[in-house]
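As the structure is a prediction and not an experimental result, all values here were calculated from the model.
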Amino acid sequence: MDADCLTPISIAEMRDEEALVELLKRALSLHASDMFILPGAPVTVKRDGKMLPLTEERMLPTDTARMIAEIYRIAGTRESSSLERTGDDDFSFSLADVSRFRCNAYRQRGTLAAVLRVVPFGLPDPATLHIPPEVMALAEMRRGLVLVTGSAGSGKSTTLACLIDRIDRTRSEHIITIEDPIEFLYPH
């Protein structure tokens with residue numbers, strides 16, 4: 001990993017789109033799980049349970065509002081009306097040739113903030129993630145109910161993606177998932 005990725009950057013002179021794309025690319029190159037855009041703090045990522053600043057500047061409320069507006073613009077057809085109406089919005093978006101991201105934008109103490117989960121293109125490999133064979137064997141079940149539970153960031157969506165991929169590769173089945181927002185994309 002390039003040591004320059006660990007050095008916080010200044011985004012003061014960048015256009016909003018340029019700054020956001022650079023920050024998202026850095027989050028991906030650092031293998032971060034999440035990126036935090038909060039007023040009063042630098043843009044920060046979580047990697048291996050540690051918080052690392054990506055920007056030199058602390059974000060002002062106007063900075064976070066502009067960055068979140070840019071996220072909605074990149075997301076395309078997603079409108080911020082839910083965020084404005086309820087103070088909270090969950091959605092996912094892709095940045096071409098970079099990655100997918102799941103975004104939770106919310107209003108906190110009168111200002112806007114967001115947390116973005118980094119979701120690399122492609123499906124995860126259960127062996128690389130050390131998912132036990134006993135868990136992966138759940139993909140062989142034909143009846144019943146499997147609950148995958150845990151705290152935020154514990155790997156629920158990733159585990160489910162591995163199980164769904166295993167079912168898809170080993171059986172001829174019609175698989176329906178209900179997920180909001182959609183995180184992993186499965187090829188036909």
Side-chain angles (χ1 to χ4, degrees), residues 1-80 82-83 87-124 128-129 150-159 161 179-185:
M1 179 181 323
D2 188 357
D4 288 341
C5 286
L6 295 173
T7 304
I9 61 169
S10 175
I11 60 170
E13 301 300 317
M14 293 184 188
R15 295 181 339 273
D16 292 340
E17 177 183 9
E18 179 186 16
L20 179 62
V21 169
E22 177 63 24
L23 293 170
L24 293 172
K25 285 180 177 179
R26 279 179 173 253
L28 184 67
S29 69
L30 287 168
H31 304 287
S33 60
D34 301 282
M35 185 169 88
F36 301 86
I37 303 170
L38 306 167
V43 175
T44 304
V45 293
K46 185 176 187 180
R47 185 185 78 177
D48 298 327
K50 294 183 176 81
M51 304 301 277
L52 304 171
L54 290 185
T55 61
E56 293 175 353
E57 305 89 356
R58 292 180 180 270
M59 303 296 285
L60 298 171
T62 54
D63 299 328
T64 60
R66 281 195 337 271
M67 197 163 283
I68 291 167
E70 186 61 29
I71 291 169
Y72 275 97
R73 192 194 67 70
I74 289 173
T77 59
R78 187 69 181 199
E79 293 183 16
S80 61
S82 177
L83 174 61
D88 184 71
D89 193 17
D90 291 305
F91 59 97
S92 59
F93 66 96
S94 295
L95 191 57
D97 301 322
V98 177
S99 189
R100 288 181 48 76
F101 300 89
R102 186 176 74 198
C103 179
N104 173 247
Y106 56 95
R107 187 167 299 285
Q108 170 180 277
R109 295 184 300 208
T111 62
L112 293 177
V115 178
L116 293 99
R117 170 66 48 96
V118 180
V119 184
F121 288 127
L123 295 170
T128 303
L129 299 172
S151 59
S154 64
K156 299 177 298 292
S157 294
T158 304
T159 300
E179 192 176 7
D180 185 24
I182 294 172
E183 191 160 324
F184 290 99
L185 299 177

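Note that CG of D90 and CG of D88 are 5.5 Å apart. Values are rounded to the nearest 0.5 Å.
Side chain of T55 to backbone of V43: a donor-acceptor contact under 3.5 angstrom is found.
Between V119 and F101 there is no side-chain heavy-atom pair separated by less than 4.5 Å. Using a 4.5 Å heavy-atom cutoff, the side chains of L30 and L54 are in contact. No side-chain heavy atom of E22 sits less than 4.5 Å from a side-chain heavy atom of I11. Side-chain contact between F93 and L116: present, with at least one pair of heavy atoms (C-beta onward) separated by less than 4.5 Å.
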Side chains of residues 61-75: which donor-acceptor pairs under 3.5 Å do they make with residues two or more places apart or in other chains?
unit_1: D63; atom_1: OD1; unit_2: R66; atom_2: NH1; d: 3.4
unit_1: D63; atom_1: OD2; unit_2: L60; atom_2: N; d: 2.8
unit_1: T64; atom_1: OG1; unit_2: P61; atom_2: O; d: 2.9
unit_1: T64; atom_1: OG1; unit_2: L112; atom_2: O; d: 3.0
unit_1: R66; atom_1: NE; unit_2: D16; atom_2: OD1; d: 3.2
unit_1: R66; atom_1: NE; unit_2: D16; atom_2: OD2; d: 3.2
unit_1: E70; atom_1: OE1; unit_2: R73; atom_2: NE; d: 3.4
unit_1: E70; atom_1: OE2; unit_2: R73; atom_2: NE; d: 2.9
unit_1: E70; atom_1: OE2; unit_2: R73; atom_2: NH2; d: 2.8
unit_1: Y72; atom_1: OH; unit_2: D89; atom_2: OD2; d: 2.7
unit_1: R73; atom_1: NH2; unit_2: E17; atom_2: OE1; d: 3.4
unit_1: R73; atom_1: NH2; unit_2: E17; atom_2: OE2; d: 3.3

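Closest non-hydrogen pair, M59 versus L38, comes out as CB-O, 3.5 Å. Residue R107 comes nearest to L83 through the heavy atom pair N-CD1, 4.2 Å, listed as atom of the first residue, atom of the second, then distance. Here the closest heavy-atom approach between residue P8 and residue P53 is recorded as CG-O, 3.8 Å.
Sorted pairs that involve residues 48-62 and meet salt bridge (charged side-chain N to carboxylate O under 4.0 Å, His left out), not counting sequence neighbours, are lacking altogether.
When the shell of 6.0 Å around CD of E79 is examined, it contains 12 or fewer heavy atoms from other residues, nucleotides or ligands.
The side-chain contact (heavy atoms from CB on, under 4.5 Å) search around D34 returns F36, K46, V115, R117, not counting sequence neighbours. Scored by the side-chain contact (heavy atoms from CB on, under 4.5 Å) test, A32 finds A27, V45 as partners (sequence neighbours excluded). Not counting sequence neighbours, R109 has no partner by the salt bridge (charged side-chain N to carboxylate O under 4.0 Å, His left out) test. Shown here are the side-chain hydrogen bond (donor to acceptor under 3.5 Å, both in side chains) partners of S94, two or more places apart in sequence or in another chain: R100.
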